[in-house]
A.B. asks: 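Encoded as structure tokens, here's the structure I'll be asking about.
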2 protein chains.
Amino acid sequence: MARRFNILENATDFDGFKAFMKEPRGGGSLDVSVAANIVEDVKNRGAVAVVEYTTKFDKLDLNVSTLASSQVDLEALASKCPENVKAAIKFAAKRIEYYHAQQMPSDHRFVDDDGVDMAWRWGPIDAVGLYVPGGRASYPSSVLMNAIPAKVAGVKRMVMVAPAPEGNLNPAVAYAALTVGITEFYPIGGAQAVAALAYGAGPLLPVDKIVGPGNAFVAAAKRIVFGDVGIDTIAGPSEITVVADGKNDPAWIAADLLSQCEHDPAAQSILITSDQGFAEKVEIAVKEQLESLSTQATATTAWENHGAIVIAPMDRAAQLVDIIAPEHVEFAVDDPEELVDSVRHAGAMFVGRYGPEALGDYVTGSNHVLPTSGAARFSSGLSSLDFMKRTSIQRISVEAFAALSEAAETLAIAEGLPAHANSVSIRKN
Amino acid sequence: MARRFNILENATDFDGFKAFMKEPRGGGSLDVSVAANIVEDVKNRGAVAVVEYTTKFDKLDLNVSTLASSQVDLEALASKCPENVKAAIKFAAKRIEYYHAQQMPSDHRFVDDDGVDMAWRWGPIDAVGLYVPGGRASYPSSVLMNAIPAKVAGVKRMVMVAPAPEGNLNPAVAYAALTVGITEFYPIGGAQAVAALAYGAGPLLPVDKIVGPGNAFVAAAKRIVFGDVGIDTIAGPSEITVVADGKNDPAWIAADLLSQCEHDPAAQSILITSDQGFAEKVEIAVKEQLESLSTQATATTAWENHGAIVIAPMDRAAQLVDIIAPEHVEFAVDDPEELVDSVRHAGAMFVGRYGPEALGDYVTGSNHVLPTSGAARFSSGLSSLDFMKRTSIQRISVEAFAALSEAAETLAIAEGLPAHANSVSIRKN
């Protein structure tokens with residue numbers, strides 16, 4: 001049974017809901033020292049350490065001078081990907097590329113009122129490392145969503161790492177990697193792969209930024225190397241909030257709620273509706289659909305521990321969504337534009353009764369790497385901008401210098417920085 | 001004596017230079033557990049804990065229900081700020097506001113080839129916390145550089161914290177805070193202030209993002225709360241690289257090198273020139289200027305431990321700058337545009353013989369919060385964008401659903417996510 005809050009009939013349920021939103025949803029605390037030791041070891045011993053950890057954790061032998069394995073051939077694996085999956089990957093890749101190309105920023109230059117010639121210029125990061133997890137979370141869609149914005153941004157060197165336990169790697173992941181133009185691939189994973197990307201290991205030269213999801217060890221390693229290289233945000237468990245009126249098919253909405261529940265026992269699905277009868281029907285539909293789901297165990301745990309149904313007047317829906325600041329939100333109501341306008345905090349909005357969130361996981365073109373755990377209050381989904389950096393350029397003429405020097409000198413002296421002041425005053429004549 | 005590399009005459013000096021750039025520059029390792037304990041304590045005990053730590057570390061008594069002190073009145077302090085400093089702060093604020101207003105992003109909406117209505121929308125973060133350090137690093141310019149982009153972005157609630165040991169706070173900082181329209185102020189600092197901003201403490205409600213420089217405890221606390229709230233990047237010691245030909249006045253270039261050395265014993269100033277005689281003259285000028293500098297001790301340590309002079313052919317200058325990826329770079333040469341075009345990694349460029357970097361610390365309008373320690377390879381200076389977030393919006397019509405559903409279903413099944421597939425297939429008819 002998911003949690004139930006009836007704000008329509010019981011005003012104090014609003015406080016209950018707010019308290020519920022503050023409950024931690026696990027992921028839990030990892031002993032960072034394990035990851036830290038591995039990172040330090042790889043930093044010191046390079047490829048030799050990476051080979052040892054890969055033998056130990058993945059039962060895979062690597063050549064120490066190439067970090068390759070004869071058991072893992074990307075082209076051979078990709079050829080095993082079924083044709084319909086290949087076609088879907090190509091379709092998705094094309095749409096993702098089109099969307100992210102629209103995000104490319106413009107350079108800018110202007111001369112301001114004081115005659116100072118100011119500008120900035122965007123440029124791509126040189127080299128990016130893409131972490132692809134092993135096991136169940138080895139998703140071709142993640143390869144597309146992380147690599148394509150980098151490619152669009154103009155990143156020249158795209159290094160993919162993915163653990164291949166006993167030589168196993170998802171053929172669809174291999175096909176996606178070839179589709180997006182990965183320039184280097186190493187069948188390695190865990191904290192050792194993150195360290196190898198950050199500090200280099202034999203043939204793998206260091207990259208500038210590391211992106212992509214991973215398990216707790218990978219997340220810990222990314223936190224450790226943060227600063228020495230760029231990292232994306234640390235991804236938390238998935239979330240969906242659905243705002244729905246009573247005119248929806250309860251089974252559709254139940255399916256949408258379960259689509260996030262099946263990702264992770266710590267995932268969170270929340271229904272907001274003003275229709276109590278509809279809420280009951282959705283709850284029943286969730287139970288029915290759970291019965292035939294191969295991901296039943298995970299989805300049930302997530303729904304029972306973290307799911308919620310909030311009955312509330314529709315004019316409070318935007319307020320409730322903003323308290324959640326969900327990764328994904330669906331608006332399945334007659335006038336969704338009102339909600340689009342008034343909700344301020346959400347990673348991605350899906351508007352209309354035919355907009356299940358799963359479309360955005362794969363093919364709308366928008367990025368599925370989105371802020372979780374309320375981070376939509378202060379951060380955004382992955383974009384082309386995350387693979388670029390901006391240099392500010394100030395061209396200072398003698399006249400511009402004359403306009404700026406006095407104030408700069410005054411502030412430098414006020415801040416007790418005489419050498420700053422001197423670098424200005426020495427140019428005065 | 002700064003380090004010397006003569007790539008012009010000795011090719012192996014290039015390897016020496018690259019090794020030199022990898023030398024750590026301290027900041028050193030802090031025992032994070034001290035900061036972690038304080039953060040945990042404030043999280044649990046709120047304002048009471050903040051008051052205790054402030055009494056203990058800052059010898060300042062706070063009212064537990066207001067977190068205010070009768071000894072620290074922002075308006076009264078601001079009135080003590082000298083008139084010429086007030087004018088310089090106003091001049092700088094106006095320029096910084098103008099520059100950052102130009103950075104405001106546009107929303108975007110388009111219907112793509114498959115008939116899908118895609119969009120994104122930018123919005124401001126609701127509440128931002130601005131940390132202002134105490135002691136020597138309590139700079140009014142930092143208040144401007146951190147708060148103005150937030151104000152321009154549309155942030156409604158701007159909370160400033162600054163330690164006020166025994167009631168002392170820099171009047172210029174108080175004046176800058178009033179100038180930029182800080183909405184709340186608390187005279188608190190250290191890890192306890194960071195925790196109070198992140199999790200709330202009595203009258204101080206939690207903010208969404210924390211920015212601003214601080215000492216090692218503050219940096220550690222920011223790392224700890226990262227994820228629960230947004231943080232800016234962790235700032236390292238300052239850096240300047242100057243590319244200069246022999247036509248410059250050596251004293252001007254020496255002054256520019258020292259302007260960063262005086263910030264921090266771990267600061268790094270590097271001169272790149274093809275003129276060996278000029279290099280000698282700069283080195284002599286540095287020594288002369290150091291003698292009369294009140295910040296002599298700091299600047300001398302930085303110059304001797306981390307400073308360098310690189311003699312190299314001018315056509316290698318861009319390559320050298322990119323290896324450094326400096327926070328600031330000056331181009332004091334006849335044809336600086338060639339360098340502007342070819343250098344890829346730098347936080348901010350200062351172009352022309354009349355462009356000392358110190359102008360950018362205060363008044364060019366560009367932000368002085370910039371990537372250090374080579375982070376310009378993968379990150380940018382602070383901007384209006386850092387105080388906004390982007391929501392992706394997908395409006396899915398029945399027709400768009402028909403165009404997208406097959407590929408989404410195929411990929412969901414291929415990824416072993418049946419509930420994802422079901423949320424699509426259930427809408428087919």
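Hydrogens, waters and symmetry mates play no part in the numbers below; they use all other heavy atoms, side chains included. In what follows, chains are A, B, ... by sequence order, proteins preceding strands, each numbered from 1.
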A.B. asks: Going from CG on B/N367 to CH2 on A/W120, what distance comes out if it is rounded to the nearest 0.5 angstrom?
C.D. replies: 11.5 Å

A.B. asks: Who wins among B/P336, B/S392, B/A408, B/A119 for the most heavy-atom pairs under 4.5 Å with chain A?
C.D. replies: B/S392

A.B. asks: Can you tell me which portion of B/E409 sits under 4.5 Å from chain A's heavy atoms? Options are side chain, backbone, both or neither.
C.D. replies: neither

A.B. asks: Under a 4.5 Å heavy-atom cutoff, which of B/S106, B/G123, B/A412, B/S379 has the most pairs with chain A?
C.D. replies: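 Highest number of heavy-atom pairs under 4.5 Å: B/A412.
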
A.B. asks: I'd like to know if the side chain of A/T391 and the backbone of B/A346 have a donor-acceptor N/O pair within less than 3.5 Å.
C.D. replies: yes

A.B. asks: Any idea which of B/Y99, B/F331, B/W122, B/F91 has the most non-hydrogen atom pairs under 4.5 angstrom with chain A?
C.D. replies: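 Answer, by heavy-atom pair count under 4.5 Å with chain A: B/Y99.
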
A.B. asks: Output a table of donor-acceptor pairs, distance under 3.5 Å, between side-chain atoms of residues 413-421 of chain A and any protein atom two or more places apart or on a different chain; print 'none' if there are none.
C.D. replies:
from	atom 1	to	atom 2	distance (Å)
A/E415	OE1	B/S141	OG	3.4
A/E415	OE1	B/Y362	OH	2.9
A/E415	OE2	B/S141	N	3.0
A/E415	OE2	B/S141	OG	2.7
A/H420	ND1	B/S259	O	3.1
A/H420	ND1	B/E262	OE2	2.5
A/H420	NE2	B/S259	O	3.4
A/H420	NE2	B/H263	NE2	3.0
A/H420	NE2	B/D361	OD2	3.1

A.B. asks: Could you have a look at B/A358, B/A254, B/C81 and say which one has the most heavy-atom pairs with chain A under 4.5 angstrom?
C.D. replies: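 Of the options given, most contacts go to B/A358.
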
A.B. asks: State the OG-CD1 distance between A/S366 and B/I393, to the nearest 0.5 angstrom.
C.D. replies: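 Taking OG in A/S366 and CD1 in B/I393, the distance rounds to 10.0 Å.
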
A.B. asks: How long is the span from the CG atom in B/D117 to the OG1 atom in A/T364, to the nearest 0.5 Å?
C.D. replies: 11.5 Å

A.B. asks: Quick check for you: among A/D112, A/T295, A/L258, which has the greatest number of heavy-atom pairs under 4.5 Å with chain B?
C.D. replies: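 Looking at each of A/D112, A/T295, A/L258 in turn, A/D112 comes out on top.
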
A.B. asks: How many angstroms lie between atom CE of A/M118 and atom OH of B/Y98, to the nearest 0.5 angstrom?
C.D. replies: 11.0 Å

A.B. asks: Which bit of A/A376 is near chain B, if near means a heavy-atom gap under 4.5 Å: side chain, backbone, both or neither?
C.D. replies: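 Interface part for A/A376: backbone (N, CA, C, O).
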
A.B. asks: For the residue pair A/F226 and B/F226, does the interplanar ring angle fall in the parallel (under 30°), tilted (30 to 60°) or perpendicular (over 60°) class?
C.D. replies: parallel

A.B. asks: Is there a donor-acceptor contact under 3.5 Å from the side chain of B/W252 to the main chain of A/S423?
C.D. replies: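 Such a contact is absent between B/W252 side chain and A/S423 backbone.
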
A.B. asks: Tell me, out of B/S380, B/S138, B/A92, B/S383, who's got the most heavy-atom pairs with chain A below 4.5 Å.
C.D. replies: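 If we count pairs closer than 4.5 Å to chain A, B/S380 comes out on top.
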
A.B. asks: Is B/R395 reaching over with its side chain to a backbone N or O of A/G355, donor-acceptor style, under 3.5 angstrom?
C.D. replies: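 No; judged by distance alone, with no hydrogens or angles, the pair does not exist.
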
A.B. asks: Rounded to the nearest 0.5 Å, how far apart are CZ of A/R95 and CG of B/L404?
C.D. replies: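 Going from CZ on A/R95 over to CG on B/L404, the span is 5.0 Å.
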
A.B. asks: Nearest 0.5 Å, please: how far is CG in B/L359 from CD1 in A/I396?
C.D. replies: 5.5 Å

A.B. asks: Please classify the contact of B/A403 with chain A as side chain, backbone, both or neither, using a heavy-atom distance under 4.5 Å.
C.D. replies: backbone

A.B. asks: I'd like to know if the side chain of A/K389 and the backbone of B/G347 have a donor-acceptor N/O pair within less than 3.5 Å.
C.D. replies: no

A.B. asks: If you count heavy-atom pairs within less than 4.5 Å of chain A, which of B/K209, B/H108, B/Q103 leads?
C.D. replies: B/Q103

A.B. asks: Which residue pairs pass the ring-ring contact (aromatic ring centres under 6.0 Å, His included) test when at least one of the two sits in residues 394-417 of chain B, sequence neighbours left out?
C.D. replies: A/Y354-B/F401

A.B. asks: Only pairs of heavy atoms separated by less than 4.5 Å count here; which of A/I89, A/V116, A/D114 has the most with chain B?
C.D. replies: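 Sorted descending by pairs with chain B, the first entry is A/D114.
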
A.B. asks: Kindly say whether B/G381 contributes a backbone atom to a donor-acceptor pair with the side chain of A/R390 at under 3.5 angstrom?
C.D. replies: yes

A.B. asks: Between A/R427 (side chain) and B/R353 (backbone), is there a donor-acceptor pair under 3.5 Å?
C.D. replies: yes

A.B. asks: For chain B, find which of A/Q289, A/E406, A/R121 contributes the most heavy-atom pairs closer than 4.5 angstrom.
C.D. replies: A/R121

A.B. asks: Where does A/V155 contact chain B at under 4.5 Å (heavy atoms): side chain, backbone, both or neither?
C.D. replies: neither

A.B. asks: Check the pair A/F387 / B/F378 against side-chain contact (heavy atoms from CB on, under 4.5 Å), numbers first and verdict last.
C.D. replies: CA-CA 7 Å; A/F387 298 97; B/F378 54 81; over 6 Å; no

A.B. asks: Give, as side chain, backbone, both or neither, the part of B/F350 having an atom under 4.5 angstrom from any heavy atom of chain A.
C.D. replies: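 Both backbone and side chain.
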
